[in-house]
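Working notes, beginning with the structure itself.
Since we're looking at a predicted model, the values are computed, not measured.
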Amino acid sequence: MVLVNKKILSGGITMLVVGGIILVYLNSAVPVGQSGMTEEEILDLMVKEQENQDMNTLAGILFGVGFLLVLISFGARRNKDSTKKIEKKPAE
């Protein structure tokens, strides 16, 4: 039997899926230039390329954190004593 923290595992899998979907979308929607573009169009293209690269980096970070959460979930153990509260009686 493998000890798995299901909350961390489900959160990690969710982050993996969302990060993967964003990465696939961003890689399919890469801005493309054309020959004979004006200076304004070139600057606009450069801004769009930088935004795409930045979003790609953020999606990669999301994917990586999700992967780490999945790995951590296999080593996380629940503390059985955390549900019990011990009340101390005042000394009389």
Side-chain angles (χ1 to χ4, degrees):
M1 184 171 136
V2 178
L3 295 174
V4 176
N5 191 329
K6 293 178 184 177
K7 289 180 182 179
I8 296 175
L9 180 65
S10 63
I13 290 174
T14 304
M15 291 175 83
L16 276 172
V17 169
V18 170
I21 290 172
I22 293 172
L23 282 171
V24 168
Y25 172 73
L26 289 174
N27 287 329
S28 67
V30 176
V32 180
Q34 302 171 355
S35 61
M37 294 173 61
T38 63
E39 283 291 323
E40 185 176 318
E41 290 174 329
I42 292 172
L43 290 174
D44 189 40
L45 176 65
M46 290 173 64
V47 168
K48 286 182 182 178
E49 286 176 345
Q50 185 64 40
E51 287 175 354
N52 191 347
Q53 184 179 4
D54 293 343
M55 292 298 289
N56 205 347
T57 302
L58 290 174
I61 291 171
L62 180 67
F63 190 84
V65 170
F67 182 72
L68 286 175
L69 283 177
V70 169
L71 291 178
I72 289 170
S73 71
F74 288 106
R77 294 184 186 197
R78 286 198 137 171
N79 189 359
K80 293 182 181 180
D81 296 332
S82 65
T83 58
K84 297 179 184 177
K85 289 187 177 180
I86 300 173
E87 293 183 22
K88 294 184 179 180
K89 295 182 180 179
E92 295 178 11

Taking all atoms of both residues into account, what is the closest heavy-atom pair of [X] and [Y], and its distance?
| X | Y | value |
| --- | --- | --- |
| Met15 | Gly66 | CB-CA, 3.6 Å |
| Ala29 | Asn52 | O-ND2, 3.5 Å |
| Val70 | Gly12 | CG2-C, 3.7 Å |
| Phe67 | Leu16 | N-CD2, 3.8 Å |

Looking at [atom1] of [X] and [atom2] of [Y], how far apart are the two atoms once the value is rounded to the nearest 0.5 Å?
| X | Y | atom1 | atom2 | answer |
| --- | --- | --- | --- | --- |
| Ser73 | Ile13 | OG | CD1 | 7.5 Å |
| Ile21 | Leu26 | CD1 | CG | 12.0 Å |
| Ile61 | Leu58 | CD1 | CG | 5.5 Å |
| Met46 | Leu43 | CE | CG | 6.5 Å |

Hphob cluster co-occupancy, Tyr25 + Phe63, side-chain heavy atoms under 4.5 angstrom: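 Tyr25 and Phe63: separate clusters.
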State plainly whether one hydrophobic cluster holds both Leu71 and Val18, where clusters connect Ile, Leu, Val, Met, Phe, Trp and Tyr through side-chain heavy atoms under 4.5 angstrom apart.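 No, Leu71 and Val18 fall in different hydrophobic clusters.
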Side chains of Leu9 and Asn5: does their closest heavy-atom pair fall under 4.5 Å? no
Just so I know, are the side chains of Ile22 and Met55 near enough to count as touching, which here means a heavy-atom distance under 4.5 Å? no
Would you say the side-chain atoms of Asp44 pair up with the backbone N or O of Glu40, donor to acceptor, closer than 3.5 Å?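 A pair under 3.5 Å: no.
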Using only atom types and a distance under 3.5 Å, with no angle test, would you say the side chain of Gln50 pairs donor to acceptor with the backbone of Val47?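 No.
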